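Quick caveat: nothing in here was measured; it's all calculated off a predicted structure. Whatever order the structure lists ligands and atoms in, that order sets their numbers, starting from 1.
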Amino acid sequence: MKEYVIIVAAGSGKRMGAAIPKQFLQLAGKPILLHTMEKFLKHNPNIGIVLVLNAEYVAFWQELCHTLNIQIKHEIVCGGKERFHSVKNGLDAITEEDAIVAIHDAVRPLVSLKTIENCFLMACEKGAAVPVLHLTDSLRVTSNEGSAPVDRSKYRMVQTPQCFQINILRQAYEQPFNDSFTDDASVVEAFGEHIHLLEGNRENIKITDPVDLRMAEAMLMD
Ligand code: C5P
């Protein structure tokens, strides 16, 4: 079945404190976003890539593609106010009736080929697949009274790519925006679809602050 990836890169990335959004920062000699695109192409050279950018950075990215001679075929779409609106715009750019769509944070260049492949396979079979990790640190819940330990074995950290059969995704994204929609799984689940979890890879960090950038550099050197 035809595969697509919607790479969401329309966030402002303010927590990095850099002059440009974090997805354009250099990681081991090239923009983080380029690493991410190359990873999905390595998984499937025929994958359809939809790149969602903040309208203010479209010209910047096109200039970067020109300067770095980036030849990767991709469709650029403008983002929206929240991640939800950015994904919806990306989805509108796909006309295929039957496809599996991955939605991936631009700032997760260290996703493994195994995670990508497993997510596509599980979505193809079951409809909706999301990579997660078990927690290794202890967890506490805080309140006005103080804090209390919680059973970490009940919790999972959620990563991307989150993969779906396109008909499920299209219907789910017809719902009006809700503040509880923090990722695609929450949107699809609110539509009534079961989310299937699979083990992600630990290196697949969301590069959010300068420490993450240093960790990503170190992991790429391995
Ligand atoms: O803000 P957060 O770190 O959760 O963003 C996750 C991903 O969603 C990032 O890749 C960011 O660029 C993207 N995003 C987007 N449109 C928005 C907000 C975030 O594409 N309006």
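Numbered from 1 in the order shown, with element, the atoms of ligand 1 that lie under 4.0 Å from a heavy atom of Ala106 read 10 (O). Within ligand 1, counting atoms from 1 as listed, the ones closer than 4.0 Å to a heavy atom of Ser86 are 15 (C), 16 (N), 17 (C), 20 (O), 21 (N). In summary, the atoms of ligand 1 found under 4.0 Å from a heavy atom of Arg83, numbered by their order in the structure, are 8 (O), 16 (N), 17 (C), 18 (C), 21 (N).
For Lys81, a nitrogen or oxygen atom sits less than 3.5 Å from a nitrogen or oxygen atom of ligand 1, counting backbone and side chain alike. The N/O atoms of Val8, backbone and side chain alike, include one that comes under 3.5 Å of an N/O atom in ligand 1. In terms of polar-atom proximity, defined here as any N/O pair under 3.5 Å, Val107 makes no such contact with ligand 1.
At a 4.0 Å heavy-atom cut-off, ligand 1 touches Ala9 through the backbone alone.
Using modelled atom types, no side-chain atom of Arg152 and backbone atom of Leu139 make a donor-acceptor pair closer than 3.5 Å. With hydrogens and angles disregarded, a donor-acceptor distance shorter than 3.5 Å links the side chain of Gln159 to the backbone of Asn201.
For the pair Gly80 and ligand 1, a heavy-atom separation below 4.0 Å is found. At least one heavy atom of Lys206 sits closer than 4.0 Å to an atom of ligand 1.
When the shell of 6.0 Å around CZ of Phe60 is examined, it contains more than 12 heavy atoms from other residues, nucleotides or ligands.
In this structure, Lys42 forms no cation-pi arrangement with Phe40, as its terminal cationic atom is not both closer than 6.0 Å to the ring centre and no more than 45° off the ring axis.
Here Phe84 and Tyr173 bring their ring centres to under 6.0 angstrom of each other.
Here the options are Val5, Leu169, Thr160, Val52, the test is side-chain contact (heavy atoms from CB on, under 4.5 Å), and the partner is Ile103; only Leu169 passes.
Salt bridge status for Lys22 with Asp212: absent, with no side-chain N to carboxylate O gap under 4.0 Å.
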